[in-house]
Engineer: 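The following block contains the structure, expressed as structure tokens.
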Amino acid sequence: MPSKYIVVLGSLMSGLGKGVVTSSIIKMLDFYGYDVLPIKFDGYLNYDCGTMNPYRHGEVFVLDDKSEVDMDFGVYERFLNRSITGDLSITGGKLFSSVINRERTGEFLGVDVQIIPHLTDEIQKRIVGIAEKRKPDVMVIEVGGTVGDIENSYFIEAMRQFSIRQDVVFINLTYVPTMDAVGEQKTKPAQIGFRLLLQAGISPHFIVCRSETPLQEKTKEKLALFANLDKGRIIDDSDLKTLYDLPLHLMDQGFDRLLIKDLGLTKEIRNNEKVREWKDRVDKVMHPRSRVTIAIVGKYTRLKDSYASIKEALIHAGAAADAGIDFKWVESSDLEGKADVKPLEGIDGLIIPGGFGDRGIEGMINAIRYAREAKVPYLGICLGMQLMVVEYAKNVAGMPGANSSEFDSSTKYNVIDLMESQKGIKDKGGTMRLGSWKCKLLGNDTIAYRAYGKDEVEERHRHRYEFNNRFRKRLEDAGLRVTGITADGSLVEFVEWTGSFGIGTQAHPELKSRFESPAPLFVSLVEAAKSRKEGL
Ligand code: GLN
């Protein structure tokens, strides 16, 4: 069977949750047992997301194959429960550089190279290339940005051309505001968005409406009339308690049935085991038996998207441990000065996530010290692990001024240091220790082993600095345990406290946490937080 295609386009504004809608569509098809592949187009001219600031663009997501991609890839994997690859990320940067390279090698000799047809052909060639190689049943293509932008216009044109040759179902995500005073829903913006799409030569098969309140019948009728669609094709995407409820909410409206029909697919499995299990997890998120407060201390906490995977990993772990998570986002610079850790009082667990640069480092170290002394369960991720080592070196192992050479190049105790292989690298794109790395766990009486239940694990990485083995013995003698190392034994991957629950990993386990298979370390943290709270 040749692959079928779904294209998701957003109207009016960003931030409507196109990634979540795309992922929910993917999940519905996955429930049916179809092999679905997402593709994301981003119009920016960066080759990938590796050099972007999480404060502006949200977190940089890393895949097994070392690709640094848009955070929507995280949403796809969290819903799909499968690892995907970097070729599914198509950026303006990749497209332009490939067309220009081909021009330089003489592929277009004698011709003036143009957006149409050369760039639009390149887009279609890439999509068909992926379909031919992987042979998925359905490919779901999410177009970044909004209809009417210059940045994605050539991509939308490519999709219009594509639909002449292939079976394509177009889905338009739009916004329906509710006027507060009377609760009336306004369809005019959605109509304008729809018209822009028509101007681009595309008539959507479905209109999905983001709104604060459930879509009223009147609203559906009006939009259906303007868009030449059946009322059943105007889909409600109003606020839900958890985003993981969206696939079920879409199915309740019969969206899956119509989609399957439009795609010419035939499977009829609806209420299978997978759907029931998903529902159970959603129930656990909505009605947990207990609650824990987890503080996340970082330097990008004012933009929650910077830590999207950490947040979701905690929600997944909460569903597994039957605990609701109360998030406490703390800006690390607020914990500096007089070592004031007041904002952390009353927390049940602490996470220090990854990060770069020296702003807020002292505050993070103060938070770690507080957690160690007050026996608050702690999970340190990448930078959080490095600072756990720094804090221990300074405050327990008698190494005053200990630091990472990222923050103090002249310290005598550079317990975290630049890897040999990193020295001399000048390029910034794709040059860190990236992607999936195998790690050997040491011993079986460790937090890491108890969490994973096996002695070889694989997690994703994105960093330049490492635990400095020169200080390993001294730190271990002082009570810091090294509980995981790279497969070749050369690099430290996990460290732990002995007196209470505290673990740091050089990896980013949050990047592999999925709703149906939560990251083991996050589950352990939430369980430890629960026990501490219940024991108090
Ligand atoms: N800045 C640190 C490094 O490069 C940590 C990076 C991270 O937390 N991802 O090693």
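Just so you know, ligand 1 is whichever comes first in the structure, and atom 1 is the first atom listed for that ligand.
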Engineer: Out of Met385, Glu406, Arg462, who is nearest to atom 2 (C) of ligand 1 when you count heavy atoms only?
Structural biologist: Glu406
Engineer: Atom 4 (O) of ligand 1: which protein heavy atom is closest, and how many Å away?
Structural biologist: Arg464 N, 3.0 Å
Engineer: If you measure from each non-hydrogen atom of His463 to ligand 1, which part falls under 4.0 Å: side chain, backbone, both or neither?
Structural biologist: both
Engineer: I'd like to know whether ligand 1 has His461 as a neighbour, heavy-atom separation below 4.0 Å.
Structural biologist: no
Engineer: At under 4.0 Å between heavy atoms, which part of His508 makes contact with ligand 1: side chain, backbone, both or neither?
Structural biologist: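 Side chain only; the backbone of His508 stays clear of ligand 1.
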Engineer: Could you tell me if Ser98 and Glu122 have a donor-acceptor pair between their side chains, going purely by distance under 3.5 Å?
Structural biologist: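 The criterion, which ignores hydrogens and geometry beyond distance, is satisfied for Ser98 and Glu122.
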Engineer: CG/Asn403 to CG/Asn414 distance, rounded to the nearest 0.5 angstrom?
Structural biologist: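 One gets 9.5 Å once the value is rounded to the nearest 0.5 Å.
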Engineer: Ligand 1 and Leu383, any nitrogen or oxygen pair closer than 3.5 angstrom?
Structural biologist: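 Min N/O separation from ligand 1 is below 3.5 Å for Leu383.
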Engineer: Decide whether Asp70 and Ser89 meet the rule of one side-chain donor and one side-chain acceptor closer than 3.5 Å.
Structural biologist: no
Engineer: Would you check the N or O atoms of Gln506, main chain and side chain alike, for any that come under 3.5 Å of an N or O of ligand 1?
Structural biologist: no
Engineer: Any chance the side chains of Gln386 and Ser404 put a donor and an acceptor closer than 3.5 Å?
Structural biologist: no
Engineer: Salt bridge (Lys or Arg N to Asp or Glu O under 4.0 Å) between Asp322 and Lys530: does it pass, once the steps are laid out?
Structural biologist: CA-CA 10 Å; Asp322 207 354; Lys530 238 172 97 171; over 6 Å; no
Engineer: Identify whether the distance between the nearest side-chain nitrogen and carboxylate oxygen of Asp64 and Arg460 falls below 4.0 Å.
Structural biologist: yes
Engineer: Between the side chains of Arg433 and Thr486, is a donor N or O closer than 3.5 angstrom to an acceptor N or O?
Structural biologist: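 The criterion, which ignores hydrogens and geometry beyond distance, is not satisfied for Thr486 and Arg433.
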Engineer: For atom 5 (C) of ligand 1, what is the nearest protein heavy atom, given as residue, atom name and distance?
Structural biologist: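 For atom 5 (C) of ligand 1, the nearest protein heavy atom comes out as Gly355 O, 3.3 Å.
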Engineer: How does Met432 reach ligand 1, if at all, at less than 4.0 Å between non-hydrogen atoms: by side chain, backbone, both, or neither?
Structural biologist: neither
Engineer: Among all protein heavy atoms in this structure, tell me which lies nearest to atom 10 (O) of ligand 1, with the distance rounded to 0.1 Å.
Structural biologist: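 Of every protein heavy atom, Tyr465 N, 2.8 Å lies nearest to atom 10 (O) of ligand 1.
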Engineer: Just by distance, with hydrogens left out, do Arg359 and Ser332 show a side-chain donor and acceptor under 3.5 Å apart?
Structural biologist: no
Engineer: Looking only at protein heavy atoms, identify the closest one to atom 7 (C) of ligand 1 and say how far it is in Å.
Structural biologist: Cys382 SG, 3.0 Å
